[in-house]
J.: 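Just passing along the structure, written as structure tokens.
Just so it is clear: chains get the letters A, B, ... in the order the sequence lines come, proteins before strands, and each one is counted from 1. Just so you know, these numbers use all the heavy atoms, side chains as well, and skip hydrogens, waters and symmetry mates.
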Amino acid sequence: MTTAVWFRKNLRVHDNAALTAAADAKQILPLFCLDPAWATPVTVGPNRCRFLLESLEDLDATLEAKYGARLHVVVGDPEQTIAKLFKEGTVTDIVFEGEVCEPRELELEQRIMKAHPQATMLPSTHLLYDIDEALTKGNPPTKMPGMVKLAGKLGAPAKPLPAPATLPPTAPVTCTLPTLQSLGYDSIIKDAAYGVKGGETSGLSRLREQMGRENGSWARAFEKPKTTPASWAGDSPTTLLSPYVAFGCVSARMFYAELKQVYAKGAHAQPPTSLLGQLYFREMSSLLGRFHGASFDQQPSAVCKDIDWDADAEAAKRLHAWDEGRTGYPLIDAAMRQLREQGWIHHLARHAVACFLTRGDLYVHWQRGRDVFDRDLLDADWAINNFNWLALSGVAPWSPPFFRVYNPVPTVTSSLNVRDPQGLYVDRFVPELKGLPAKHKYAPWLAPLSDLNKAGVKLGVSYPRPLVDHKTRSKENIARFKEAQRRAKEAKEAAAPSSKKRKAGA
DNA sequence: GGATCCGTTGTAGCT
DNA sequence: AAGCTACAACGGATC
């Protein structure tokens with residue numbers, strides 16, 4: 001009698017409902033299914049895959065040290081892997097946590113439950129709140145005041161489950177962890193942003209380190225818009241805990257519990273900008289993702305206007321240049337190159353590149369950008385990624401007004417808050433501009449020819465000229481967006497006339 | 001049911 | 001230097 005404990009987005013021993021439930025089993029098989037269809041270099045970048053493998057390695061080590069158990073990692077289709085384990089008699093039972101909203105995972109678990117009726121699917125520990133309970137309180141909020149109100153109704157999140165004291169013996173299985181090479185990755189990037197390494201061990205130690213930063217006053221004072229996107233090393237501007245939370249190395253409830261302790265010791269910032277606000281945004285994204293289901297990542301939908309994004313060969317070229325950091329706008333290019341190299345960029349850099357790709361400059365479909373983020377971000381999360389691309393491209397009810405476009409050339413007053421007078425961020429990620437005077441670093445096309453020559457910069461050759469002219473393009477795009485919106489409204493009105501129309505007609 | 005309020009993060013130009 | 005305004009104007013929640 002062996003119970004498989006299927007690890008999914010909970011790569012940890014703390015706050016793990018499945019592992020906790022397995023404490024009563026006769027024998028267990030800790031299991032992770034690595035779907036090779038998921039982990040391809042095209043869909044999941046090497047850095048993100050590396051973080052996963054490190055997390056699995058750490059989980060295996062923790063299981064062995066704490067319980068004398070080992071993690072059985074199988075590279076293959078999860079459904080088939082589990083079916084085979086049952087068929088061979090390796091396992092007789094399975095326990096796992098349900099997914100909160102990602103459609104492919106929800107579909108997968110439905111197939112598993114159908115094929116193995118004895119399986120136990122437990123409520124997820126992925127969020128602060130039980131998602132089903134949260135959704136009984138009405139439609140999920142789309143703005144932070146609504147989320148704060150909902151949190152008030154739901155009360156304090158449950159305390160994180162402690163790691164089990166003991167576990168039953170592990171089934172005797174030999175297993176070796178896959179490597180990036182064995183999964184078909186050839187460009188192996190070793191250094192993530194700020195050296196974040198996957199796994200519960202480094203995740204929990206990073207959590208404690210960040211909560212203890214400046215004796216807790218840093219976490220209490222934290223306000224995201226005040227941090228700068230021109231960051232890549234040294235003290236991180238944000239906690240950089242998001243990759244750990246995304247893969248479940250650190251549970252949101254554990255994060256919340258530690259944060260509450262720090263908050264208890266003094267005055268602290270409030271949502272939306274505070275650290276708690278960040279956990280609330282994550283919660284809100286998942287609630288909305290669950291509520292809208294598979295349409296959440298589509299256009300058009302109940303939460304996505306039908307905008308006529310460019311989709312011709314020219315647009316494909318612009319997308320490619322954006323993806324590779326060759327737009328000719330150093331801020332955009334530095335951020336996109338950092339994303340590839342480090343698997344992380346600051347929140348405001350995400351705003352800058354997302355606005356630039358979509359409504360601001362290139363007028364490319366937000367789904368294209370979303371897929372690039374999904375590939376490269378260590379903290380990629382289906383609900384959060386879609387929520388934010390819907391927001392930044394201007395199509396969602398929770399979007400900022402579409403005509404508020406970020407300037408890709410940082411200024412002192414810009415809300416992108418770049419604050420990089422020496423242009424060090426550009427130097428680090430766009431080294432071909434290194435010799436330029438600092439004042440031209442973010443707009444090399446404005447530099448006098450003598451400066452360009454001195455720096456060895458040949459615009460259009462060693463570094464691209466601006467792909468589009470921001471001032472004229474953003475104006476045109478705003479007009480196009482407005483027109484698309486007007487058409488959509490008209491179509492809606494024609495389908496279901498409202499009293500407004502009658503009034504207008506009278 | 002209509003009016004009003006407000007939303008984590010716009011920019012440029014002015015005082 | 002912080003704070004105002006013009007630009008052009010969405011849509012959900014609330015009263």
Side-chain angles (χ1 to χ4, degrees), chain A residues 137-150 153 221-230 237-238 268-285 287-288 291-292 301-307 331 345-356 358-361 384 387-388 390-419 442-443 470-490 492-493 497-504 506:
Chain A
K137 306 290 178 189
N139 285 5
T142 60
K143 305 274 172 64
M144 192 46 62
M147 182 61 223
V148 171
K149 197 180 263 182
L150 175 61
K153 279 188 208 165
F222 183 92
E223 290 188 80
K224 191 137 83 181
K226 292 187 177 165
T227 58
T228 178
T238 57
H268 55 83
Q270 296 295 327
T273 56
S274 66
L275 277 178
L276 179 58
Q278 309 316 303
L279 288 174
Y280 280 177
F281 270 115
R282 174 177 183 271
E283 199 81 4
M284 201 162 76
S285 303
L287 293 175
L288 284 162
F291 185 75
H292 293 286
S301 77
V303 290
C304 179
K305 292 174 192 165
D306 201 6
I307 300 299
L331 175 65
I345 51 177
H346 183 271
H347 181 69
L348 288 170
R350 301 181 194 198
H351 277 223
V353 300
C355 181
F356 187 88
T358 57
R359 70 181 206 274
D361 296 83
I384 299 173
F387 174 89
N388 281 316
L390 287 163
L392 265 296
S393 62
V395 297
W398 55 87
S399 294
F402 64 87
F403 49 85
R404 284 190 191 163
V405 171
Y406 289 106
N407 187 346
V409 181
T411 61
V412 187
T413 52
S414 166
S415 58
L416 288 175
N417 203 24
V418 173
R419 293 182 318 204
Y442 282 96
H470 172 69
K471 273 228 161 71
T472 54
R473 275 305 291 249
S474 58
K475 268 214 181 79
E476 288 166 18
N477 290 348
I478 287 169
R480 280 184 70 178
F481 201 105
K482 190 169 132 188
E483 175 59 18
Q485 211 167 245
R486 193 195 59 75
R487 275 201 307 271
K489 217 177 207 172
E490 209 175 71
K492 202 175 158 191
E493 195 71 12
S498 75
S499 59
K500 245 183 205 162
K501 197 193 166 193
R502 288 197 299 273
K503 192 177 151 195

J.: Quote, to the nearest angstrom, the C1' distance that separates C/dT5 from C/dA9.
T.: 15 Å
J.: Taking atom P of B/dT11 as reference, at what distance in whole Å does atom CG of A/D361 sit?
T.: 12 Å
J.: Rounding to a whole Å, what distance do you find between A/F222:CZ and B/dT8:P?
T.: 16 Å
J.: Under a 3.5 Å distance rule, please check whether A/W398 uses its side chain to pair with a backbone N or O of A/V303 as donor and acceptor.
T.: no
J.: Please write out each protein N/O paired with an N/O of nucleotides 3-5 of chain C under 3.5 Å, distance rounded to 0.1 Å.
T.:
none

J.: From A/Q278 CD over to A/T238 OG1, what is the distance, rounded to the nearest 0.5 angstrom?
T.: 9.0 Å
J.: Quick one: do the A/H346 and A/T227 side chains pair a donor with an acceptor below 3.5 Å?
T.: yes
J.: Protein within reach of the bases, or only the backbone? For nucleotides 6-15 of chain C, mark each nucleotide 5' to 3' as B, S or -, using heavy atoms under 4.0 Å.
T.: --BSSSS-S-
J.: How far does CG of A/L331 sit from CG of A/L416, to the nearest 0.5 angstrom?
T.: 6.5 Å
J.: Between the protein and nucleotides 12-15 of chain B, list every N/O to N/O distance that falls short of 3.5 Å.
T.:
{"residue": "B/dA12", "atom": "OP1", "partner": "A/N407", "partner atom": "ND2", "Å": "3.0"}

J.: May I have all residue pairs that pass salt bridge (charged side-chain N to carboxylate O under 4.0 Å, His left out) and include part of residues 470-479 of chain A, sequence neighbours excluded?
T.: none
J.: Would you give me the side-chain donor-acceptor pairs under 3.5 Å for residues 400-410 of chain A, sequence neighbours excluded?
T.:
{"residue": "A/Y406", "atom": "OH", "partner": "A/H351", "partner atom": "ND1", "Å": "2.9"}
{"residue": "A/N407", "atom": "OD1", "partner": "A/V409", "partner atom": "N", "Å": "2.9"}

J.: Using the P atom in both, what is the distance from C/dG11 to B/dT11, to the nearest Å?
T.: 22 Å
J.: Check the distance between B/dG10's P and A/Y406's OH and give it to me in whole angstrom.
T.: 5 Å
J.: Roughly how many Å is it from OH in A/Y280 to P in B/dG7, rounded to a whole number?
T.: 17 Å
J.: So that I can tick it off, tell me whether A/R480 and A/E483 are bridged by a salt bridge, with the cut-off set at under 4.0 angstrom between side-chain N and carboxylate O.
T.: no
J.: Between atom CG of A/N139 and atom NE2 of A/H292, what is the distance when rounded to the nearest 0.5 Å?
T.: 7.5 Å
J.: Nearest-Å distance, CZ (A/F481) to C1' (B/dG10)?
T.: 15 Å
J.: Could you tell me whether a side-chain N or O of A/R282 sits under 3.5 Å from a main-chain N or O of A/I384, the two making a donor and an acceptor?
T.: no
J.: Provide, to the nearest angstrom, the distance between the NZ atom belonging to A/K224 and the P atom belonging to B/dG7.
T.: 18 Å
J.: Can you check whether A/T411 reaches A/S414 side chain to side chain, under 4.5 Å on heavy atoms?
T.: yes
J.: Under 3.5 Å for both distances, Watson-Crick or G-U wobble, that's the pair rule; now give the dot-bracket for DNA chain C, with | marking pairs to another strand and [ ] for crossing ones.
T.: .||||||..||||||
J.: Look at the side chain of A/S393 and the backbone N and O of A/A354, then say whether any donor-acceptor pair between them is shorter than 3.5 Å.
T.: no
J.: Between the side chain of A/S274 and the main-chain N/O of A/E223, is any donor-acceptor distance below 3.5 Å?
T.: no
J.: Using a heavy-atom cut-off of 4.0 Å across all strands, would you classify A/Q270 as base, sugar-phosphate, or nothing?
T.: nothing
J.: Quantified in whole Å, what is the C1' atom distance between nucleotide C/dC10 and nucleotide B/dA12?
T.: 22 Å
J.: I'd like the P distance from C/dC4 over to B/dC6, given in whole Å.
T.: 16 Å
J.: Could you check how far CE of A/M144 sits from P of B/dT9, rounded to whole Å?
T.: 11 Å
J.: Indicate yes or no for a side-chain donor-acceptor contact from A/T228 to the backbone of A/N417 under 3.5 Å, with no hydrogens or angles considered.
T.: yes
J.: Whole angstrom is fine here: how far is it from NE2 in A/H346 over to P in B/dT9?
T.: 15 Å
J.: If you look at every strand shown and take non-hydrogen atoms under 4.0 Å, does A/P400 touch a base, only sugar-phosphate, or nothing?
T.: nothing
J.: Could you measure the distance from the CG atom of A/L287 to the CG atom of A/L150? Nearest 0.5 Å is fine.
T.: 6.5 Å
J.: For C/dG12 and B/dG1, measure between their C1' atoms and round to the nearest Å.
T.: 15 Å
J.: Counting distance only, does the side-chain N/O of A/S399 pair as donor-acceptor with the main-chain N or O of A/A396 below 3.5 Å?
T.: yes
